[in-house]
Trainee: 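Structure in structure tokens, see below.
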Amino acid sequence: MERRTRPAEPDPAYEKFKRDIAEMTGVDLNMYKPQIHRRVHTLMASWGQSSYSGYLKLISSDINRRRAFLEYLTINVTEFFRNPSRWASLREEILPGLREIKAGTLLFWSAGCATGEEAYSLALLGLEARVPVNVLASDIDDGALKKAQDGVYREEQVKNVQPESLRKYFLRKGDGLLQVSPILREKVRFQKMNLLSDPFPRQPQLILCRNVLIYFSQESKEILLRKFSECLPVGGCLMVGNTEQIFGYRRFGFESAGPFIYRKTATSEESRERSACSL
């Protein structure tokens, strides 16, 4: 007779640790995939902590430890115009359509902007295409936002920037470092934001949320997709990462606009069903 293994009981100490972390940082570890818990415990071990109370004390009392904790969870690694073919699609296929749905300056949103490379890439996209664009760049990590606002990058991080744009919009600082120029910096506004709990901007024409959804549970991912759909205008677009294909995107009011790009078509199927039920 096959013996069934009972699921492990939740560890009360770890449950309390998660509640305390949520209260301190705004990060609810329950909303992420199980892999995030392995990262939590790997860092705990590397800091020589054997108790959650000691681990929490380190994170709460030392701002550098708290920043390291958040950075380790969110893995802020990126570069300008990451995955160049995706940016070519934005420039050649998506941008012309966005200009048709709104006159004047377009609003682009880098949701989960990390250290700013993607946000500045969006601003560069507008400058190179001679399209007026403002960029909202949001992240939950204070340390990443500080680096983004400083706008200093290594040579290898700007390898995909066109040479002419590199000369016009970056200042060389020596030691292989470059800083974004004031004309590029003024196109981007950085803001701390928790995607799950904070309000979204009103009607950005384009949202980039790349390599962010992979960290969330399926339930949290669906919450975010609904929120993205609700804040986009009809015709606006959402781009996700190369491993984040959205299955059942029509449920959220999207159509496919290319690989990993989704266009808002109308009210989501779920909202239409709720409206029909209320008639």
Side-chain angles (χ1 to χ4, degrees), residues 74-99 101-102 105-129 131-141 144-145 147-148 151 153 157-158 160-161 180 184 187-196 198 200-216 221 224-233 235-246 249 252 254-264:
T74 53
I75 319 174
N76 293 316
V77 178
T78 186
E79 64 187 12
F80 280 72
F81 297 106
R82 185 177 182 180
N83 306 123
S85 62
R86 300 281 79 80
W87 289 91
S89 296
L90 284 179
R91 182 174 56 251
E92 297 162 14
E93 301 167 21
I94 301 303
L95 191 55
L98 297 180
R99 298 192 68 184
I101 67 174
K102 184 180 185 297
T105 302
L106 301 177
L107 174 61
F108 293 168
W109 177 22
S110 174
C113 67
T115 48
E117 293 90 334
E118 178 180 273
Y120 290 123
S121 296
L122 283 170
L124 266 175
L125 179 72
L127 288 167
E128 291 175 342
V131 174
V133 166
N134 287 329
V135 179
L136 170 64
S138 68
D139 204 277
I140 197 171
D141 184 343
L145 288 172
K147 291 178 182 178
Y153 301 99
Q157 292 174 283
V158 299
N160 295 322
V161 177
V180 296
L184 184 58
K187 299 289 184 183
V188 183
R189 176 170 64 90
F190 291 99
Q191 177 180 329
K192 184 173 182 178
M193 184 186 298
N194 185 323
L195 292 176
L196 286 170
D198 290 337
F200 281 8
R202 285 182 55 82
Q203 298 206 319
Q205 286 70 51
L206 175 66
I207 301 171
L208 266 63
C209 187
R210 305 171 73 206
N211 307 305
V212 174
L213 295 176
I214 53 174
Y215 298 112
F216 289 96
K221 191 183 303 182
L224 289 178
L225 290 173
R226 291 189 193 99
K227 290 180 71 174
F228 285 138
S229 178
E230 288 167 2
C231 82
L232 281 167
C237 291
L238 167 67
M239 175 182 276
V240 297
N242 285 6
T243 60
E244 297 173 318
Q245 183 176 358
I246 301 173
Y249 51 81
F252 306 102
F254 289 119
E255 66 180 3
S256 176
F260 310 103
I261 305 176
Y262 301 88
R263 182 181 291 112
K264 171 79 173 288

Trainee: Are Leu208 and Trp109 packed together at the side-chain level, in the sense that at least one heavy-atom pair is separated by less than 4.5 angstrom?
Mentor: no

Trainee: Quick one: does Asn83's side chain have a donor or acceptor within less than 3.5 Å of a partner on Arg86's backbone?
Mentor: no

Trainee: Would you say Leu106 and Asn134 make side-chain contact, with heavy atoms under 4.5 Å?
Mentor: no

Trainee: Is there a side-chain contact between Lys187 and Leu127 in this structure, where contact means two heavy atoms from C-beta onward sitting under 4.5 Å apart?
Mentor: yes

Trainee: So which atom in Lys147 and which in Tyr153 form the shortest heavy-atom distance, rounded to 0.1 Å?
Mentor: O-OH, 4.5 Å

Trainee: Is it true that the side chains of Gln191 and Ser138 contain a donor and an acceptor less than 3.5 Å apart?
Mentor: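 No.
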
Trainee: Between Ile101 and Gln205, which heavy-atom pair has the shortest distance, and what is it?
Mentor: CD1-CG, 4.0 Å

Trainee: Compare all side-chain heavy atoms of Val133 with those of Thr105 and state whether any distance is below 4.5 angstrom.
Mentor: no

Trainee: Would you name the heavy atoms of Leu195 and Ala111 that are closest together and state the gap between them?
Mentor: CD2-CB, 4.2 Å

Trainee: Hey, is the main chain of Ile246 close enough, under 3.5 Å, to the side chain of Tyr262 for a donor-acceptor pair?
Mentor: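 Present.
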
Trainee: With a 4.5 Å cut-off on side-chain heavy atoms, are Leu145 and Lys192 touching?
Mentor: yes

Trainee: Identify the two heavy atoms, one from Phe108 and one from Leu98, that lie closest to each other, and give their separation to 0.1 Å.
Mentor: CE2-CD1, 3.9 Å

Trainee: Walk me through it: do Cys209 and Leu238 pass the test side chain to side chain contact (heavy atoms under 4.5 Å, CB included)?
Mentor: CA-CA 7 Å; Cys209 187; Leu238 167 67; 4.3 Å; yes

Trainee: Side chain of Glu244, backbone of Val212: donor and acceptor closer than 3.5 Å?
Mentor: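 Side chain of Glu244 to backbone of Val212, a donor-acceptor pair under 3.5 Å: yes, one is there.
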
Trainee: Any chance you could measure Gln203, atom CD, to Leu232, atom CG, to the nearest 0.5 Å?
Mentor: 8.5 Å

Trainee: What verdict does the side chain to side chain contact (heavy atoms under 4.5 Å, CB included) test give for Leu125 and Arg91, after you've listed the backbone C-alpha separation in whole Å, the side-chain angles of each residue and the deciding distance to 0.1 Å?
Mentor: CA-CA 7 Å; Leu125 179 72; Arg91 182 174 56 251; 3.7 Å; yes

Trainee: Let's go through Phe252 and Arg226 carefully: what are the C-alpha distance in whole Å and the side-chain angles of both, what is the deciding distance for side chain to side chain contact (heavy atoms under 4.5 Å, CB included) to 0.1 Å, and is it a yes or a no?
Mentor: CA-CA 6 Å; Phe252 306 102; Arg226 291 189 193 99; 3.7 Å; yes

Trainee: Working to the nearest 0.5 angstrom, can you tell me the gap between Cys237 SG and Glu255 CD?
Mentor: 8.5 Å

Trainee: If you round to the nearest 0.5 Å, how far is CD1 of Ile140 from CG of Leu196?
Mentor: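 These two atoms lie 8.0 Å from each other.
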
Trainee: When you compare the side chain of Glu118 with that of Arg82, does any pair of heavy atoms fall below 4.5 Å?
Mentor: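 No. Closest side-chain heavy atoms not under 4.5 Å.
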
Trainee: Taking the side chain from Lys264 and the backbone from Ser229, do they hold a donor-acceptor pair closer than 3.5 Å?
Mentor: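 Indeed, once roles are kept as given, a pair shorter than 3.5 Å links the two residues.
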
Trainee: Does the ring center of Tyr120 lie less than 6.0 Å from the ring center of Phe190?
Mentor: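 Yes - the distance between ring centres of Tyr120 and Phe190 falls below the 6.0 Å cut-off.
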
Trainee: Would you say that Ser110 contacts Leu136 through its side chain, given a criterion of any heavy-atom pair below 4.5 Å between the two side chains?
Mentor: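 No - every pair of side-chain heavy atoms lies 4.5 Å or more apart.
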
Trainee: Between Val158, Leu90, Val161, which is the residue that forms a side-chain contact (heavy atoms from CB on, under 4.5 Å) with Phe81?
Mentor: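 With Phe81 as partner, side-chain contact (heavy atoms from CB on, under 4.5 Å) holds for just one option, Val161.
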
Trainee: Over all heavy atoms of both residues, which pair between Arg263 and Gly235 is shortest? Give the atoms and the distance, please.
Mentor: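 Distance-wise, the nearest heavy atoms are CG-O, 3.7 Å.
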
Trainee: Begin from the C-alpha positions of Phe80 and Trp87 and carry the test ring pair (Phe, Tyr, Trp, His ring centres under 6.0 Å) through to its verdict.
Mentor: CA-CA 10 Å; Phe80 280 72; Trp87 289 91; 9.3 Å; no

Trainee: If we only count heavy atoms from C-beta on, is the Val240 to Arg210 side-chain gap below 4.5 Å?
Mentor: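 A side-chain contact is absent here, since even the closest heavy-atom pair is not under 4.5 Å.
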
Trainee: So, taking the atom named CD1 in Ile94 and the one named CE in Met239, what distance separates them when rounded to the nearest 0.5 Å?
Mentor: 7.0 Å

Trainee: Which heavy atom of Asp139 sits nearest a heavy atom of Ala114, and at what distance?
Mentor: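 Taking every non-hydrogen atom into account, OD2-N, 2.8 Å.
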
